[in-house]
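A short write-up of the structure that comes next.
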Amino acid sequence: MTNNNTYDYAVIGAGIVGLSTALHLQKQNVSVVVLEKEKEPGLHQSGRNSGVIHSGIYYKPNSSKSELSIRGRNLLIEYLKKKDINYRQEGKIVVDNDLNKLENLLDRSIELDMDGVKIVRDDELLSIEPSSVMLKGLFVPQAGVVDYKEVVQAYAKDFIEMGGEIKYIEEIKEIENINGLKSIKGNKDTYNCEFLINCAGLFSDEIAKLDNMSPNVKIIPFRGEYYKISNTKNKILNNMIYPLADPDLPFLGIHLTKTANGDIEAGPNAVLAFSKEGYKWTDINFVDLTKVVTFPGMLKLGKKYFRTGISEMYRSLNKNIFVKEIQKLINGVDLRDIKQIPSGVRAQAVDKDGNLVDDFLFEEGENSLHVLNSPSPAATASLAIGESIVSKILN
Ligand SMILES: Cc1cc2nc3c(=O)[nH]c(=O)nc-3n(C[C@H](O)[C@H](O)[C@H](O)COP(=O)(O)OP(=O)(O)OC[C@H]3O[C@@H](n4cnc5c(N)ncnc54)[C@H](O)[C@@H]3O)c2cc1C
């Protein structure tokens with residue numbers, strides 16, 4: 001801090017993207033403050049996710065998602081090693097009955113220079129995942145698992161040790177431009193800065209509006225629910241089994257993951273949440289909900305994916321259906337073996353035509369930069385996203 005709560009940079013949001021950005025800024029020998037409404041870092045998307053270190057195989061080559069996820073994965077692994085954070089990188093199998101689709105994904109891995117990706121079938125597949133139901137798959141060795149809560153906490157610790165400041169329980173309510181400085185008003189205090197970076201996840205569209213922007217997208221909250229498979233069944237999965245993703249709805253389709261601590265989790269599904277932080281069906285915020293249903297893009301999205309939306313809701317309300325989805329991927333699990341665990345809510349940007357924004361989205365304001373879409377794999381890519389935001393700002 002210089003004086004009077006005045007900093008060179010202020011970052012809104014102590015999630016994995018905000019903290020990575022703050023960490024990269026702090027390396028520039030400038031003053032940086034992170035403003036966070038919760039009492040600790042990573043309480044929303046960054047601490048409530050699948051914990052997968054994504055390989056980057058799915059994303060269109062040359063998109064920022066592809067470039068940042070592959071660079072981000074390498075930076076993350078380096079960081080985890082340096083900080084001695086528990087992780088495993090033993091690969092995943094993407095399964096499908098259509099060999100052509102798997103071969104297309106294999107071609108993509110070649111385009112992306114990913115070593116060791118291969119089609120596995122029958123006994124070879126079963127030697128990797130003996131309980132797999134499907135017998136055709138693509139083995140992707142670059143995928144791994146980590147607990148992102150630990151990663152977020154490590155970023156926060158590093159940032160503070162380097163001289164950065166984090167103000168918790170500080171919910172930002174107003175932003176003004178005064179004499180060339182940003183004046184950022186929270187529920188406790190006011191902060192001034194030369195430049196503002198908005199990494200507010202589920203609320204990033206609202207923060208952009210506070211900064212006089214008119215974003216073309218709205219953040220729609222999609223809850224992802226998980227079940228844990230009983231520890232007595234821990235031998236049925238070695239690493240991860242993923243169904244092949246639908247390119248139009250990449251976050252659909254539950255997968256099975258052996259987490260960094262050895263538990264097996266199934267999920268997440270994708271149901272419209274009735275509140276930005278709607279972690280349960282009963283979390284309803286009428287202000288958030290009204291904004292969602294009156295957004296023109298939401299109606300179009302609803303029409304396009306009506307059936308998918310209904311079946312996701314049905315599965316969410318019916319444990320029997322959820323277990324059947326699990327049984328399509330793995331043998332040896334029944335209703336008694338699964339127990340619901342805390343969910344996460346994705347901040348998914350949707351445009352006015354009802355399209356789900358696929359790539360990461362950054363918009364510039366007056367002395368500000370707004371991260372308006374940072375969906376999966378933004379946790380994997382976080383160090384590369386922070387690095388790229390800082391290079392955008394400095395240039
Ligand atoms: C169910 C689910 C599964 C996922 N699985 C994976 C995965 O396996 N691998 C992967 O790489 N990615 C995964 N992701 C994506 C990843 O978790 C997110 O992309 C990433 O965490 C986004 O980080 P963030 O910092 O942008 O947002 P967040 O972590 O949501 O942080 C935003 C922060 O802003 C704060 N904030 C909001 N409004 C205000 C305000 N007004 N004032 C002050 N602070 C404010 C919030 O409290 C929050 O702490 C998953 C996401 C979900 C939801």
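First listed ligand is number 1; within each ligand, the first listed atom is number 1. Sequence positions, counted from 1, serve as the residue numbers for this chain. Note that the structure is predicted; figures quoted are calculated from it, not measured. The basis for the numbers below is simple: all heavy atoms, side chains too, and nothing from hydrogens, waters or symmetry mates.
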_As a test of understanding, state which of V152, D147, V146 forms a side chain to side chain contact (heavy atoms under 4.5 Å, CB included) with K149._
D147
*Look only at interatomic distance and state if V17 has a nitrogen or oxygen under 3.5 Å from any nitrogen or oxygen of ligand 1.*
yes
*Mind checking whether I12 contacts ligand 1 via backbone (N, CA, C, O), side chain (CB onward), both or neither, at a 4.0 Å heavy-atom cut-off?*
side chain
*Tell me: protein heavy atom nearest atom 31 (O) of ligand 1, and distance?*
G15 CA, 3.4 Å
*Would you mind listing which atoms of ligand 1 come within a distance below 4.0 Å of any non-hydrogen atom of E170?*
42 (N), 43 (C)
*Tell me which protein heavy atom sits closest to atom 29 (O) of ligand 1, plus the residue, atom name and distance to 0.1 Å.*
S46 OG, 2.5 Å
_Which of the ligand 1 atoms, numbered from 1, are nearer than 4.0 Å to a heavy atom of P377_ = 10 (C), 11 (O), 12 (N)
*Those atoms of ligand 1 less than 4.0 Å from some heavy atom in A378*: 19 (O)
*Give the residue and atom name of whichever protein heavy atom lies nearest to atom 4 (C) of ligand 1, and the separation in Å to one decimal.*
N49 CB, 3.2 Å
_Can you check which of K173, R48, E36, H44 brings a heavy atom nearest to atom 33 (C) of ligand 1?_
E36
*Taking atom types as modelled, find out whether N198 and D211 have a side-chain donor-acceptor pair closer than 3.5 angstrom.*
no
*Look at the aromatic rings of Y7 and Y191 and report parallel, tilted or perpendicular, splitting at 30° and 60°.*
tilted
*Which atoms of ligand 1 sit under 4.0 Å from any heavy atom of V345?*
53 (C)
_Is the contact between S382 and ligand 1 made by the side chain, the backbone, both, or neither, using heavy atoms and a 4.0 Å cut-off?_
neither
*How long is the span from the CG atom in L112 to the CD atom in E67, to the nearest 0.5 Å?*
10.0 Å
_For atom 5 (N) of ligand 1, closest protein heavy-atom neighbour_ = S50 N, 3.2 Å
*Looking only at distance, does K37 have an N or O less than 3.5 Å from an N or O of ligand 1?*
yes
_Among I385, N373, L372, the one residue meeting side chain to side chain contact (heavy atoms under 4.5 Å, CB included) with F362_ = I385
*asked:* E171 versus ligand 1: do any nitrogen or oxygen atoms come within less than 3.5 Å of each other?
replied: no
_Residue pair G332 / D337: nearest heavy atoms and the distance that separates them_ = O-OD2, 3.8 Å
_What protein heavy atom lies closest to atom 7 (C) of ligand 1? Include the residue and the distance to one decimal._
H54 NE2, 3.6 Å
_From CG (D8) to CG (L25), nearest 0.5 Å_ = 9.5 Å
*Going by the order shown, which atoms of ligand 1 are within less than 4.0 Å of some heavy atom of R346?*
52 (C), 53 (C)
*Is the shortest N/O to N/O distance between S374 and ligand 1 below 3.5 Å?*
yes
_Is it the case that over 12 heavy atoms from other parts of the model lie below 6.0 angstrom from the CD atom of E103?_
yes
*Are side-chain N/O atoms of N192 and K182 paired as donor and acceptor at under 3.5 Å?*
no
*Work out whether the distance between some heavy atom of F222 and some atom of ligand 1 is less than 4.0 Å.*
no
*Lys/Arg N to Asp/Glu carboxylate O, E387 vs R71, below 4.0 Å*: yes
*Do the rings of H255 and Y242 sit parallel, tilted or perpendicular, given the 30° and 60° boundaries?*
parallel
*Do Y226 and S50 get their side chains close enough for a donor-acceptor pair, meaning under 3.5 Å?*
yes
*Give the residue and atom name of whichever protein heavy atom lies nearest to atom 8 (O) of ligand 1, and the separation in Å to one decimal.*
V52 N, 3.0 Å
*Heavy-atom gap I16 to ligand 1 smaller than 4.0 Å*: yes
*Determine, using the 4.5 Å side-chain heavy-atom cutoff (strictly less than), whether L35 and L210 are members of one ILVMFWY cluster.*
yes
*Among all protein non-hydrogen atoms, which one is nearest to atom 38 (N) of ligand 1, and what is the separation to 0.1 Å?*
F203 CB, 3.5 Å
_Contact (N/O only, under 3.5 Å) between E38 and ligand 1_ = no
*Which atoms of ligand 1 sit under 4.0 Å from any heavy atom of L35?*
43 (C), 44 (N)
_Side-chain donor-acceptor pair present, D359, S64, cut-off under 3.5 Å_ = yes
*Taking distance alone, with no angle check, do I172 and ligand 1 share an N/O pair under 3.5 Å?*
yes
*Just checking, any donor-acceptor pair under 3.5 angstrom between side chains of N269 and E312?*
no
_Heavy-atom pairs closer than 4.0 Å: do any link ligand 1 to the side chain of F360, the backbone, both, or neither?_
neither
*Contact (N/O only, under 3.5 Å) between Q45 and ligand 1*: yes
*P375 contact mode with ligand 1 (heavy-atom cut-off under 4.0 Å)*: backbone
*Do N355 and K304 get their side chains close enough for a donor-acceptor pair, meaning under 3.5 Å?*
yes
*asked:* I need the nearest protein heavy-atom contact for atom 12 (N) of ligand 1: residue, atom name and distance, please.
replied: S376 OG, 3.4 Å
